[in-house]
Protein chains: 2
Amino acid sequence: MKIEYTQIGIIHSPFIGREDMPIQPSGAIGVKGTVEVFEAFRPGLRDLDGFSHVILLYHFHRSRSPKPRVVPFMDSEPRGLFATRAPNRPNPIGISVVQLDRIEQGVLYIRNVDILEGTPLLDIKPYVPEFGDQVEIRTGWLEKAKGIVSGRKSDDRFK
Amino acid sequence: MKIEYTQIGIIHSPFIGREDMPIQPSGAIGVKGTVEVFEAFRPGLRDLDGFSHVILLYHFHRSRSPKPRVVPFMDSEPRGLFATRAPNRPNPIGISVVQLDRIEQGVLYIRNVDILEGTPLLDIKPYVPEFGDQVEIRTGWLEKAKGIVSGRKSDDRFK
């Protein structure tokens, strides 16, 4: 079953090359960018400015053919693709939670951007925290990588 | 720009009709379901079982043409589409964070399912909490709807 989507906007960021990219939003704290929503879709932005954070869904436009195992940035062992956020996926959809500073004339001014310049936008959703403190979260192989993510930059491995 | 994706699996749940659906995961606590990943994509599941929660990305296969404003389930006023999680969107991509109980032969056994039976799967990502306690989150029009979500069921308004 083939599913066809359409670009509804474009994401602008300081990251021109994949080599300079932070690998997770925690490494992108404070980095500013914008989301230009195409005119036809702007009426849907009403009420969004009440949210401090939004979820961006976008197309990893520079991804390559996926492999079932990848060596993530925070690890030295190959891991199952779906246990990572690697951009080379069967359906290369990226999601990022970013801080929303303001919206002006169809442009979202955002912060904590970990997205490449020129990335096609697919959807915007309001961010609502998933869980309270009572839920215990396990994050598999990422547990041991905690704390080393913030300072790391992307490299060429997903070219 | 058109973007083409392909179905990589199918989500099974007790929700046959949209009328019975919980409107958010908080209303789906404990509801069990499965995700059947198609054989070609199963090697990518390795290491995923170390995560207690996963993010499912899926295609809202029964969505209709989007309108720029919708009246959400938790409100009586029309809100901008992108400030809601309504399924009728320009690109009808849904995301849910579900609890992962186990993986057996390419099938994920999941809990807290708020997804329709037969929904096409697009992607699986490991869930990692976005923010610590230090970040203040504002959720716009949803603030006043807090607490009334859990018990609410879906209805016909997105048919």
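Proximity to chain A at a heavy-atom threshold of 4.5 Å picks out nothing from residues 100-109 of chain B.
In this structure, B/Arg85 contributes its side chain and A/Pro126 its backbone to a donor-acceptor pair below 3.5 Å. A donor-acceptor pair under 3.5 Å is formed between the side chain of A/Arg89 and the backbone N or O of B/Ile124. B/Asn91 contributes no side-chain N or O that, together with a main-chain N or O of A/Gln7, makes up a donor-acceptor pair within less than 3.5 Å.
Nearest heavy-atom pair across A/Glu136 and B/Ser52 is O-OG, 3.7 Å. Here the closest non-hydrogen pair linking A/Arg138 and B/Gly50 is NH1-O, 3.2 Å.
Note on A/Lys125, A/Gln99, A/Arg42: by heavy-atom pairs under 4.5 Å with chain B, the leading option is A/Lys125. Put simply, of B/Asp47, B/Ile8, B/Val128, the one with the most heavy-atom pairs under 4.5 Å next to chain A is B/Asp47. The candidate with the highest count of non-hydrogen atom pairs below 4.5 Å against chain B, out of A/Pro43, A/Gly44, A/Gly140, is A/Gly44.
Both the backbone and the side chain of A/Arg79 come within contact range of chain B, with heavy atoms under 4.5 Å apart. The part of B/Pro78 that comes within reach of chain A is its backbone (N, CA, C, O), which places non-hydrogen atoms under 4.5 angstrom from that chain.
No continuous path of ILVMFWY side-chain contacts below 4.5 Å connects A/Ile110 to A/Ile16, so the two sit in separate hydrophobic clusters.
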Please tabulate, for side-chain N and O atoms in residues 30-40 of chain B, each donor-acceptor pair with protein atoms closer than 3.5 Å (sequence neighbours left out).
from	atom 1	to	atom 2	distance (Å)
B/Glu36	OE1	B/His12	NE2	3.2

*List the steps and the verdict of side chain to side chain contact (heavy atoms under 4.5 Å, CB included) for B/Asp123 and A/Phe82.*
CA-CA 8 Å; B/Asp123 198 8; A/Phe82 295 119; 3.6 Å; yes
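Results of the side chain to side chain contact (heavy atoms under 4.5 Å, CB included) test with B/Tyr5 over A/His59, A/Lys2, A/Glu4 single out A/His59 as the only residue that passes. When each of A/Ile93, A/Leu122, A/Thr6 is checked for a side chain to side chain contact (heavy atoms under 4.5 Å, CB included) with B/Ile3, only A/Leu122 meets the rule.
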